[in-house]
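When a ligand or atom number is given, it counts from 1 through the structure's own listing order. FYI, the numbering just counts along the sequence from 1.
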Amino acid sequence: MNRFTLSEQFFRDQASAAASGGLSTVLNRFSLVARMLASEIMRAGFCGKLGYTGTSNVQDEEVRELDVISNDTTLQVFENVPMVAAIASEEMEDIHIIPGGENGKYLIAIDPLDGSGNVDVAGQMGTIFGVYRRPDVSKPVTADDFKLSGRSLVAAGYVLYGPCTMMVYSAGGPVNGFTLDRSIGTFFLTHPDLKIPEGSGAYSINEANEPKWDENTRKMVATFRTQQADVGQRSGRYAGALVGDFHRTLLKGGIYMYPGEVNKPNGKLRLLYENAPLAYLVERAGGAASNGEMPILDVVADSLHQRTPLFIGSKGDVEEAIRRMNG
Ligand code: FBP
């Protein structure tokens with residue numbers, strides 16, 4: 001097997017994207033974040049880091065020690081990376097401006113530890129990131145610069161912390177998956193040019209939320225649950241971590257849904273650092289991602305932590321779910 005590494009791929013991306021070279025540095029830093037967090041997560045149980053900090057984040061979610069560690073690690077790794085002007089994170093209310101990044105042409109949005117509810121049950125967790133082109137380098141960067149759609153992404157990816165550690169990303173070209181060889185701390189290409197299958201896979205949703213959905217959503221989900229969907233019979237799978245559920249969907253096909261609710265029409269998942277980066281990947285893998293009304297990549301963020309409903313996966317599954325939900 002050709003032991004093609006992540007670093008080598010970054011430089012190929014540079015050439016194909018005719019980028020200045022800064023993007024490969026940024027992507028290499030995400031590879032470092034991934035290796036550092038994989039180590040932290042693997043050792044957390046021994047170091048008493050599985051607990052809560054006793055504080056809540058801007059999402060009004062209880063913060064775990066690993067949430068803080070993941071966010072701090074990201075900020076440390078991107079300190080003094082002049083290509084990046086600022087970072088938006090699920091764990092920070094406002095943006096973090098990178099010292100020396102005044103002329104940086106990229107903005108980063110990140111969920112440092114997705115699925116942190118799985119921390120103390122040795123479940124799958126992940127990191128989701130998007131690299132956006134900064135709209136205006138001529139003025140000081142502010143949170144308003146992040147009011148972008150996923151069409152401004154120049155690269156996006158995720159890291160999956162599970163039985164193995166994988167990094168899956170695209171810099172505009174194919175979606176490539178790399179697996180970490182922990183013994184030498186190197187990611188190797190194991191899943192080249194990923195394409196999402198059609199007509200197969202599971203449906204993935206938190207069924208316990210059914211009482212909160214509107215009637216059309218309930219009816220649509222019921223067609224998947226009772227094997228009535230046009231796209232074929234679907235088993236149910238739900239890891240409770242978006243990265244784990246998305247990764248399975250990307251490799252096996254199917255659909256992941258986090259619908260809006262009657263009292264929370266925008267649902268739970270965040271646009272800039274969860275839904276848009278995964279939508280960027282799934283479209284390049286031949287799939288689709290919608291908020292129920294339009295492609296996720298066309299939704300322009302009105303704030304850093306804006307939420308949207310998410311329907312993402314095989315094109316046929318997403319189209320049927322949206323068609324049925326909209327009656
Ligand atoms: P965070 O853990 O980063 O807040 O991500 C949100 C999330 O945990 C997703 O990973 C997951 O898919 C979803 O929430 C699960 O939500 P629920 O527990 O409501 O099903």
Side-chain angles (χ1 to χ4, degrees), residues 33-34 37 40-41 44 50-53 55-74 87-93 108-130 156-162 166 168 202-213 217 221 225 236-250 254-279 281-282 289 291 296 304-313:
V33 169
L37 293 189
E40 283 287 349
I41 289 165
L50 296 177
Y52 290 96
T53 59
T55 61
S56 297
N57 63 13
V58 64
Q59 327 284 340
D60 197 25
E61 295 166 342
E62 287 186 292
V63 176
R64 292 173 176 272
E65 289 194 54
L66 274 179
D67 284 316
V68 174
I69 291 167
S70 304
N71 195 66
D72 290 350
T73 300
T74 302
I87 295 177
S89 164
E90 176 183 312
E91 297 305 325
M92 299 187 300
E93 184 160 1
I108 286 174
I110 188 166
D111 180 357
L113 191 61
D114 167 70
S116 50
N118 281 346
V119 165
D120 43 8
V121 295
Q124 287 178 316
M125 288 175 280
T127 297
I128 309 171
F129 61 87
Y158 61 85
V159 184
L160 176 63
Y161 310 105
M166 284 196 70
V168 179
Y203 80 99
S204 184
I205 191 168
N206 184 343
E207 305 263 8
N209 291 331
E210 181 173 45
K212 305 173 189 172
W213 301 330
T217 302
V221 174
R225 183 189 309 127
R237 292 286 185 274
Y238 196 70
L242 174 57
V243 170
D245 286 315
F246 177 75
H247 185 69
R248 181 198 58 250
T249 303
L250 181 64
I255 185 171
Y256 173 90
M257 304 185 246
Y258 209 106
E261 301 167 2
V262 171
N263 297 326
K264 287 167 56 180
N266 287 330
K268 174 179 186 180
L269 301 177
R270 280 65 46 140
L271 176 63
L272 279 175
Y273 43 79
E274 290 172 324
N275 300 349
L278 297 184
L281 293 176
V282 82
N291 67 352
I296 287 284
L304 290 179
H305 304 289
Q306 177 186 339
R307 301 170 194 263
T308 75
L310 179 65
F311 303 87
I312 189 168

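At a heavy-atom cutoff of 4.0 Å, ligand 1 is surrounded by Glu61, Glu90, Asp111, Leu113, Asp114, Gly115, Ser116, Asn206, Tyr238, Gly240, Ala241, Leu242, Tyr256, Tyr258, Lys268, Leu269, Arg270, Glu274.
Nearest approach of Val58 to Met92, heavy atoms of both residues: CG1-O, 4.3 Å.
Taking 4.5 Å as the limit, every side-chain heavy atom of Ile312 sits out of range of all side-chain heavy atoms of Thr249. Side-chain contact check for Glu91 versus Ser70: every heavy-atom pair is 4.5 Å or farther apart.
The closest donor-acceptor contact from the side chain of Arg237 to the backbone of Ser204 lies at 3.5 Å or more, if one exists at all.
The only option from Phe311, Tyr158, Tyr256 that meets the ring-ring contact (aromatic ring centres under 6.0 Å, His included) definition with Phe246 turns out to be Tyr158. The side chain to side chain contact (heavy atoms under 4.5 Å, CB included) test with Arg307 singles out one residue from Asn275, Asn266, Leu271, and that residue is Asn266.
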